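Just so it is clear, the model here is predicted, and its values are computed rather than measured. Order of listing sets the numbers, starting from 1, for every ligand and every atom in it.
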Amino acid sequence: MSKKYNAYDNFLTVLDKAAKAVGMPEEEYLVIRYPERELKVSVPVRMDDGSVRVFEGYRVQHSTSRGPCKGGIRYHEDVNIDEVKALAAWMSFKCAVAGIPYGGAKGGIKVDPSTLSKGELERLTRRYTAMILPIIGPEKDIPAPDVGTNAQVMDWIMDTYSMMNGYTIPGVVTGKDLEVGGSLGRPDATGRGVMIITMEVLDKFKLAPEDVSVAVQGFGNVGSVAARLLHEKGCRIVAVSDVSGGIRKESGLDIPAVLAHTKNGRLIKDYDEDGAEHIDNKQLLTTKCDILIPAALENQITEEVAENLNCRLVIEAANGPTTAQADAVLERRGIYLLPDILTNAGGVVVSYCEWVQNLQSLTWDENEVNALLFKVMTRALEDVYHKARDYKISYRLAAYAVAVERICKAKAKRGIFP
Ligand code: GLU
């Protein structure tokens, strides 16, 4: 019987395994088994009907060893402290694998944002920002979008922080709209990073995009962009899904048509195409394809799902979609997996571009941003690839090993204060 999933326990299990695999004793990485700081806030909001509701919010800062903390803010009804702790730790590891000078953090509010009016969402965001204000800032901790938040929410965070300081401080948050200091290329960045890794891996396996079929779970900002860009590269996207369910077509879906359908918030369950069949989310994960891209939430590929996967390669676009137990099943079954902290780093890499532009009051063109993204993603893949080869370990353990070594080296140089 597998015990109840705990995202932070999952992180620790993989961390311990990776450290062991590269011969790093626990005392060398003990400190990063713990988040540096955890803040819980109770966020009161005046609702449109005049009543007051109080929402549970968090900001967890996992590590500052390699630079200021960086990481998104999630609005979702399942947000809990262990999830936010894990997401924060994954950010430290992701930034280390990408080699960008940040530690990791994550925030979250336990709320289903689709149940709030725009005014309620704005008041919730501004009050939450005020409550985490002492620990965020362009040199301290820089939030960004995640599941359930978007550029508008980031704009409100920037404005609230700026108003409370008396002047405009765009570098406090990334993923903003262009008009208020956002970066070209940021909206597509995570999906583009997934596409870059996928193309590089196909190249390593000597496969042409036309030869592979892809299934994507989750059609939000990450999954839909990854599907679009891979489709443009010539891959056959045989299945996609959102919360409402999925659709499958062996000869390949018309992705521009799916995107046109979902653009105004319409669901995939209401999409139809000749020759396509409706499937549920579970069927999507186990559908026959070459590459499976989970781009929704954590804890999707469990041990049981892993036994039934019908793909050759998993490319994680979500954070934490595969459990540590499922990893073992994939290894046994010979299914390769490219891990989240490598493959979905595109978002934070372009967040880094945005932050650098904000600090210097510069604006880069989109080619410049995309070129840097390509360079960082391919370099990170090479680092992970070599580590996996040198130690004969999975790409997951290799990515963790690269990250833990980089974080611990920085830590060792700095020493422990006092
Ligand atoms: N929320 C995204 C992630 O999980 C982006 C974080 C950022 O840009 O800081 O990587």
Please list the nearest protein heavy atom to atom 7 (C) of ligand 1 with its residue and the distance rounded to 0.1 Å. Ala144 CB, 3.3 Å
Run the salt-bridge test on Arg123 and Asp48 with the 4.0 Å N-O cut-off and return the result as yes or no. yes
Salt bridge Glu38-Arg59, side-chain N to carboxylate O under 4.0 Å: no
Could you point out which residue of Asp146, Thr125, Thr149, Asp112 forms a side chain to side chain donor-acceptor pair (under 3.5 Å) with Tyr75? Thr125
Salt-bridge test for Arg396 and Glu331: reply yes if a basic N is under 4.0 Å from a carboxylate O, no otherwise. no
Whether over 12 other heavy atoms sit under 6.0 Å from Ile416 CD1: no
Assess whether a salt bridge exists between Glu26 and Arg33, defined as any Lys/Arg side-chain N lying under 4.0 Å from an Asp/Glu carboxylate O. yes
Applying a 4.0 Å heavy-atom criterion (strictly less than), which segment of Val350 is in contact with ligand 1: side chain, backbone, both, or neither? neither
For atom 9 (O) of ligand 1, the protein heavy atom that lies nearest, with its residue and separation: Lys70 NZ, 2.8 Å
Parallel, tilted or perpendicular, judged at 30° and 60°: which one describes the rings of Phe11 and Phe93? perpendicular
Before signing off on this row, confirm whether Met91 and ligand 1 have an N or O atom pair separated by under 3.5 Å. no
Out of all atoms in ligand 1, which are within 4.0 Å of some heavy atom of Gly71? Include the element for each. 9 (O)
Just which atoms of ligand 1 are under 4.0 Å from any heavy atom in Lys94? 3 (C), 4 (O), 10 (O)
Is Asp290 salt-bridged to Arg236, cutoff N-O under 4.0 Å? no
Taking only non-hydrogen atoms of Pro145, do any sit less than 4.0 angstrom from ligand 1? yes
Report the nearest protein non-hydrogen atom to atom 8 (O) of ligand 1: residue, atom name, distance rounded to 0.1 Å. Ser351 OG, 2.6 Å
Which of the atoms in ligand 1, numbered in the order shown and given with their element, are less than 4.0 Å from a heavy-atom of Arg186? 5 (C), 8 (O)
Cation-pi check, Lys110 onto Phe55 ring (under 6.0 Å, within 45° of axis): no
Polar atom proximity, Thr174 to ligand 1 (N or O, under 3.5 Å): no
Relative to the heavy atoms of Lys106, which atoms of ligand 1 are at a distance of less than 4.0 Å? 1 (N), 3 (C), 4 (O)
Does Arg74 have a non-hydrogen atom less than 4.0 Å from ligand 1? no
Taking 4.0 angstrom as the limit, do Lys411 and Glu28 come out as a salt bridge? no
Which atoms of ligand 1 sit under 4.0 Å from any heavy atom of Gly347? 8 (O)
Quick check on contacts: which atoms of ligand 1 are under 4.0 angstrom from a heavy atom of Val348? 7 (C), 8 (O), 9 (O)
Can you check whether Asn344 has an N/O within less than 3.5 Å of an N/O in ligand 1? no
